[in-house]
Q: 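Dropping a structure here in structure tokens format, bear with me for questions.
As the structure lists them, so they are numbered: ligands from 1, and atoms in each ligand from 1.
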Amino acid sequence: MQFPTSRLPRPGRARRAARSLAVAAATALAVTALLPTGQAGAAGTSLRSLAQARGIYFGASLAQSDLNNPSLTAVAGREFGMLTPANEMKWDTTEPGPGSFNFAPGDRIASYAKANGMRLRGHTLVWHNQLPSWVRGLPADQLRAAMRRHITAEAGHYKGQVYAWDVVNEAFNEDGSFRTDDPFHNALGDGYVADALRTARAADPNAKLYLNDYNIEGLNAKSDAMYRLVKSLKSQGVPIDGVGFQAHFVVGQVPASLKANLQRFTALGVDVAVTELDDRIQLPANSAALARQADDYAGVVRTCLAVPRCVGITQWDVGDPDSWIPGTFPGYGAATMFDNGYRPKPAYTASAAALAAGAHHLAPTD
Ligand code: G2I
């Protein structure tokens, strides 16, 4: 006998929740069961596919030289759906001399991304670092013209290829004042940020325009400054689409206020993204530290899934061997989800399981 549709038993809220929990748990188990064999990515369990199924992306950064490393590219192409060039779109590479542009290194990364069905995050148009010395010495009017020409040329060159640009990177000091050693702010004042954003919008109207910084993940003086800036830009009608939270963490120290902080930004009407995630451990990394790191990564994934306008997560670098951490923080390392042989670590398993167990996310999709 058939039930008329209107009389089909309708699962109550609790029953629906229990059922989706059971499905999620089974998926998480399946993911976990696959991973210790080193078969990450088999049977549709890559981070990119799991993230895509939740309506977010999972990305990584890599440098041109990394493209010659087959163990690295095997992981990158399989696991990540978004790519950020580590250095190749920075000013010192793209415009080493005034008006003399070189997009060949960035183009190589863009072609790799395209060949692997990955999207691109453009990084970065205006930054005090990796900036050729000729820019620093310019008087204000020439610096403004140089900044506009640089943005117009670079964002114009990559028009249509870039999902989002980090238009201005690392604008703030830790106390929330504008960065002291920044030639753009020193010469042009606070308004350089709005000027850069407007110029980028004109050059590539479809790219999402971001401000990006580190140590703004929790509620603190620096994130307060970013919040005030974004609020003020929005109120003036300046084009700003998102804020990037770099998220260079120390194991066990992911700020408890991460979610509340992301939420206050999305309440301003912008997207948020985790743009440079890593989680460094004092070496040698023991299994307790790797387990804490797994909790940290999974926590970031769960937080992004819980914030509707958190569009995705990018890890900085692909695996521990190519990570910038040991070179910058001596004695620390093991900061990524892949070990020295590019095998998945507990942080990978936990991230994949958190994606598998997550609810569907109502954000722009991958
Ligand atoms: O420092 C980690 C990241 C922090 N947020 C902004 C990112 O753009 C930044 O990326 C790193 C790159 O991953 C490194 O690869 O930025 C560093 C410099 O600011 C990059 O390191 C530099 C080395 O310091 C240079 O000696 C080297 O010539 O990479 C250059 C190109 O290989």
Side-chain angles (χ1 to χ4, degrees), residues 59-69 72-73 75-76 80 82-96 102-110 112-113 120-133 135-136 150-151 154 158 162 164-174 179 181-184 193 196 210-217 222-223 226 242-250 253 272-281 300 312-338:
S61 70
L62 54 71
Q64 200 182 181
S65 58
D66 293 332
L67 297 177
N68 303 322
N69 179 345
L72 185 155
T73 52
V75 169
F80 298 111
M82 183 74 78
L83 199 62
T84 306
N87 292 301
E88 292 70 10
M89 294 189 187
K90 293 172 178 173
W91 196 316
D92 59 353
T93 296
T94 55
E95 193 186 0
N102 176 19
F103 296 118
D107 288 351
R108 261 175 238 130
I109 307 266
Y112 172 81
L120 267 182
R121 288 197 88 260
H123 176 78
T124 173
L125 295 170
V126 180
W127 188 28
H128 73 281
N129 198 1
Q130 290 176 281
L131 184 67
S133 53
V135 183
R136 291 185 177 273
H150 181 76
I151 295 171
E154 181 160 6
Y158 289 107
V162 166
W165 271 110
D166 291 331
V167 177
V168 176
N169 194 39
E170 301 176 0
F172 293 110
N173 291 317
E174 296 304 291
R179 180 177 285 278
D181 55 350
D182 187 328
F184 301 101
V193 176
Y210 274 65
L211 304 179
N212 190 53
D213 215 325
Y214 61 90
N215 289 349
I216 59 162
E217 295 78 18
K222 194 172 181 180
S223 65
M226 180 67 98
V243 176
F245 299 78
Q246 292 188 10
H248 294 295
F249 292 134
V250 178
Q253 294 179 30
V272 294
V274 173
T275 50
E276 305 186 10
L277 178 60
D278 49 28
D279 197 34
R280 58 186 180 270
I281 295 175
V300 172
I313 300 170
T314 296
Q315 175 186 266
W316 203 248
D317 302 317
V318 172
D320 293 344
D322 57 285
S323 168
W324 68 293
I325 293 291
T328 304
F329 300 98
Y332 283 81
T336 76
M337 292 179 287
F338 296 91

Q: I'd like to know if Asn169 contacts ligand 1, where contact means a heavy-atom distance under 4.0 Å to any ligand atom.
A: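 Yes, that is the case, since the closest heavy atom of the residue is under 4.0 Å from the ligand.
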Q: Nearest protein heavy atom to atom 3 (C) of ligand 1, by residue and atom, and its distance?
A: Glu276 OE1, 3.4 Å
Q: Please state which protein non-hydrogen atom is closest to atom 15 (O) of ligand 1 and give its distance, to 0.1 Å?
A: Asn87 ND2, 3.0 Å
Q: Looking at Phe329, Tyr214, Trp324, which hits ring pair (Phe, Tyr, Trp, His ring centres under 6.0 Å) with His248?
A: Trp324
Q: Starting at NZ of Lys90, measure out to CG of Asn169 and round the result to the nearest 0.5 Å.
A: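 Result: 7.5 Å between the selected atoms.
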Q: Is Trp127 close to ligand 1, meaning an N/O of one under 3.5 Å from an N/O of the other?
A: no
Q: Counting distance only, does the side-chain N/O of Asn69 pair as donor-acceptor with the main-chain N or O of Asp66 below 3.5 Å?
A: no
Q: What is the nearest protein non-hydrogen atom to atom 18 (C) of ligand 1, stated with its residue, atom name and distance?
A: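 Ranked first by proximity to atom 18 (C) of ligand 1 is Gln130 OE1, 3.2 Å.
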Q: Write out the residue and atom name of the closest protein heavy atom to atom 7 (C) of ligand 1, then the distance separating them to 0.1 Å.
A: His123 NE2, 3.4 Å
Q: Which of the atoms of ligand 1 are close to Trp324, meaning less than 4.0 Å from one of its heavy atoms?
A: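 Listed by number with element, the hits are 1 (O), 2 (C).
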Q: How about OH on Tyr332, more than 12 heavy atoms from neighbouring residues, nucleotides or ligands closer than 6.0 Å, or not?
A: no
Q: Any protein heavy atom sitting closer than 4.0 Å to atom 5 (N) of ligand 1?
A: yes
Q: For Glu170, take its heavy atoms, then give the atoms of ligand 1 lying under 4.0 Å from any of them.
A: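 By the 4.0 Å cutoff, the relevant atoms are 4 (C), 5 (N), 6 (C).
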Q: Tell me whether ligand 1 is touched by Tyr214 - counting only heavy atoms on the residue side and a distance under 4.0 Å.
A: no
Q: Kindly determine whether Thr336 and Asp317 satisfy side chain to side chain donor-acceptor pair (under 3.5 Å), including the steps that lead there.
A: CA-CA 7 Å; Thr336 76; Asp317 302 317; over 6 Å; no
Q: Quiz question: by atom type and distance under 3.5 Å, do the side chains of Gln130 and Asn87 form a donor-acceptor pair?
A: yes
Q: What residue and heavy atom of the protein are closest to atom 16 (O) of ligand 1, and at what distance?
A: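 The protein heavy atom lying closest is Lys90 NZ, 3.2 Å.
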Q: For atom 27 (C) of ligand 1, is some protein heavy-atom partner under 4.0 Å away?
A: no
Q: With the threshold set strictly below 4.0 angstrom, can you tell me whether any protein non-hydrogen atom sits that near atom 13 (O) of ligand 1?
A: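 Yes; the ligand atom in question has protein heavy-atom contact below 4.0 Å.
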Q: Give the minimum heavy-atom separation between Val167 and Thr124, together with the two atoms involved.
A: O-OG1, 4.1 Å
Q: Please say which of Tyr210, Trp316, Trp91, Tyr158 ends up in a ring pair (Phe, Tyr, Trp, His ring centres under 6.0 Å) with His123.
A: Trp316
Q: Within a distance of under 4.0 Å, is there any protein heavy atom near atom 23 (C) of ligand 1?
A: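 Protein heavy atoms within 4.0 Å of atom 23 (C) of ligand 1 - there are none.
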Q: Under the side-chain hydrogen bond (donor to acceptor under 3.5 Å, both in side chains) test against Arg121, which residue among Thr314, Asp166, Thr275 passes?
A: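 Of Thr314, Asp166, Thr275, side-chain hydrogen bond (donor to acceptor under 3.5 Å, both in side chains) with Arg121 is met by Asp166 alone.
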Q: Between the side chain of Arg136 and the main-chain N/O of Pro183, is any donor-acceptor distance below 3.5 Å?
A: no
Q: State whether any protein heavy atom lies less than 4.0 Å from atom 31 (C) of ligand 1.
A: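 Yes, because at least one protein heavy atom sits under 4.0 Å from atom 31 (C) of ligand 1.
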Q: When you look for heavy atoms under 4.0 Å from ligand 1, do you find them on the side chain of Thr124, its backbone, both, or neither?
A: neither
